[in-house]
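The structure under discussion appears below in the form of structure tokens.
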Amino acid sequence: MGACMALCSLASCASCLCGSAPCLVCGCCPSTNNSTVTRLVFSFFLLLGTMVSVIMILPGMETQLRKIPGFCQGGTTIFGIENQVQCDVIVGYKSVYRMCFAMACFFFLFSVIMVRVRSSRDPRAVIQNGFWFFKFLILVGITVGAFFIPDGTFHTVWFYFGLVGSFIFILIQLILLIDFAHSWNKIWVGNAEETQNKCWFAGLLFFTVLYYALAFAAVVLFYIYYTQPDDCTEHKVFISLNLIFCIIVSVVSILPKIQDAQPHSGLLQASLISLYTMYVTWSAMTNNPNRKCNPSLLSLVSHVNTTEPTVGPSGSGHVQWWDAQGIVGLIIFLFCTLYASIRSSSNTQVNKLMQTEEGTGSSGEGVVGEDGARRAVDDEEDRVTYSYSFFHFHLFLASLYIMMTLTNWYQPDTSTQAMQSSMPAVWVKMCSSWLGLGLYLWTLIGPLIFPDRDFN
């Protein structure tokens, strides 16, 4: 009996994975809108690839890779196939680059395929919202092929692709944080006005003060540990400029004219943006190749000193992949990825930037079909609630950002396993923080400059 029930469960899940209709709820998928389920599953693909990338950089993985027939030099062989890969070198950034290259190709392919899909009646929408098993097979196939890419200039070229893609993705993260803080502030203020309960206002005040306190503490620590009296001029300029910019956007957010034009703008959004800006500043300074201005940090995972990568006599060295800013970056990435999958915003500016429509959120109940099975609601028969193409492009950029984060934004040396910090990574992060603050400032003053446009 138990085996029969298990087979029935697998059969229903198979229809969910392989079907072209809206995803069956039946224990595989939650009871929600079809558009939300699709974004969640694609985000799961990205998170799964991220987990594989993390596993690939763990110590001892070269031993496991040697077991793959015909893959590693000196490993298990197949008659007629020559082993090509030096597994003691590929473990680390090379494996991350290949895994993220595969994910980037996968999402970029779907971004091109889904251009200008208007509703679920478009034949391409069937591909977007179904056939998950075959999509997974495509991703696996691209990944396997990526591990056989010759070294050459692949890593150097893909490093610069990662810089550009990560720059854009940091801006998208900032936009999502602005949207999150805006929705948060609007909901809590609305609850306070409806219930006449001041605890909602107290909660907003608490988190606003907390974020500003953390941002100010970060500035103090930056001046103490990332500057020197006679050196680190760039760091002093970076910290001072971002501190000034954060003060400016905070003051502008509470000006009377800004409040009249946008009643829901306030210090909560500004405090969250200020804290995120300080994180990006810290992340940039940790990539400075000048070790006097970039003190070593104990890894939160392996507790290894990361001041200098040590290169052995054979040319292969030990690299510390994890540090504090990398882990914080992954946490922020996970939050923004999940939020982008389930968000239903009323912020017109953010919706235009993210190519989404104002939604009503999850329906909460599935539709019961003629066969008695519960199905996710097809909420896109008239028009799509988000741009399929832009959503995949967002995941494409996220793949590049993960690649750079897991390798600490180091510039690879293809002949060894040593990694070098680089100033381009520093400037990419700092420029993204400045442009992000500029975007937030525009969301505040835009309604005043163009009063005839809809900025609600």
Side-chain angles (χ1 to χ4, degrees), residues 43-62 64-65 87 89-107 139 142-143 146-147 149 154-170 172-173 279-280 282-284 286-287 297-304 306 309 317-338 394-414 416-422 424-426 428-429 432:
S43 298
F44 173 76
F45 281 5
L46 177 65
L47 297 180
L48 183 62
T50 303
M51 291 175 59
V52 173
S53 299
V54 171
I55 293 173
M56 293 298 292
I57 62 178
L58 295 178
M61 274 305 299
E62 66 274 9
Q64 302 301 320
L65 288 179
C87 286
V89 176
I90 197 173
V91 172
Y93 83 89
K94 291 188 177 182
S95 59
V96 173
Y97 269 44
R98 283 162 169 78
M99 184 67 223
C100 293
F101 172 80
M103 292 194 297
C105 291
F106 175 79
F107 290 120
L139 178 58
I142 298 175
T143 302
F147 274 83
I149 297 176
F154 169 75
H155 302 96
T156 302
V157 172
W158 202 238
F159 168 77
Y160 288 104
F161 268 93
L163 283 181
V164 176
S166 299
F167 172 81
I168 302 174
F169 184 76
I170 290 175
I172 292 178
Q173 282 193 143
Y279 158 72
V280 176
W282 171 45
S283 180
T286 58
N287 284 113
L297 294 174
L298 292 179
S299 170
L300 297 182
V301 175
S302 58
H303 304 285
V304 175
T306 62
H318 170 77
V319 180
Q320 171 57 34
W321 303 102
W322 296 94
D323 61 6
Q325 66 89 10
I327 292 177
V328 174
L330 282 178
I331 294 174
I332 296 176
F333 157 77
L334 291 174
F335 170 79
C336 290
T337 300
L338 293 176
H394 165 243
L395 296 184
F396 161 76
L397 297 176
S399 302
L400 298 177
Y401 176 78
I402 281 297
M403 180 185 75
M404 301 303 292
T405 300
L406 290 180
T407 57
N408 285 339
W409 293 70
Y410 287 163
Q411 187 166 4
D413 179 356
T414 56
T416 69
Q417 201 179 4
M419 310 292 286
Q420 301 295 328
S421 298
S422 61
V426 176
V428 163
K429 294 181 180 182
S432 64

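Here the closest heavy-atom approach between residue Leu395 and residue Leu46 is recorded as CD2-CD2, 3.8 Å. Residue Met103 comes nearest to Leu139 through the heavy atom pair CA-CD1, 4.2 Å, listed as atom of the first residue, atom of the second, then distance. Among all heavy-atom pairs drawn from Ser283 and Lys429, the shortest one is OG-NZ, 2.5 Å. In terms of heavy-atom proximity, Phe169 sits nearest to Ala398 at CE1-CB, 3.5 Å. Across all their heavy atoms, Ser53 and Met99 have their closest contact at OG-CG, 3.1 Å.
Atoms OG1 and CE, from Thr407 and Met404 in turn, are 5.5 Å apart once rounded to the nearest 0.5 Å. Interatomic distance, CZ of Phe101 versus CD1 of Ile142, reported as 8.5 Å (0.5 Å rounding). In this structure, CD on Gln173 lies 7.5 Å from OH on Tyr279, to the nearest 0.5 angstrom. Atom OG of Ser166 is separated from atom CD1 of Ile172 by 11.0 Å, given to the nearest 0.5 angstrom. The distance from the CZ atom of Phe154 to the OH atom of Tyr97 is 9.0 Å, given to the nearest 0.5 Å. Summarising the geometry, atom CD1 belonging to Ile402 is positioned 4.0 Å from atom OG1 belonging to Thr50; distances are rounded to the nearest 0.5 Å.
Looking at Phe159 and Leu163, their side chains come closer than 4.5 Å, going by heavy atoms from C-beta outward.
With sequence neighbours left out, the side-chain contact (heavy atoms from CB on, under 4.5 Å) criterion links Ala104 to Trp158, Phe396, Ser399, Leu400.
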Expected list for residues 327-335: side-chain donor-acceptor pairs under 3.5 angstrom, two or more places apart:
none

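Other residues, nucleotides and ligands contribute at most 12 non-hydrogen atoms within 6.0 Å of the CZ atom of Phe161.
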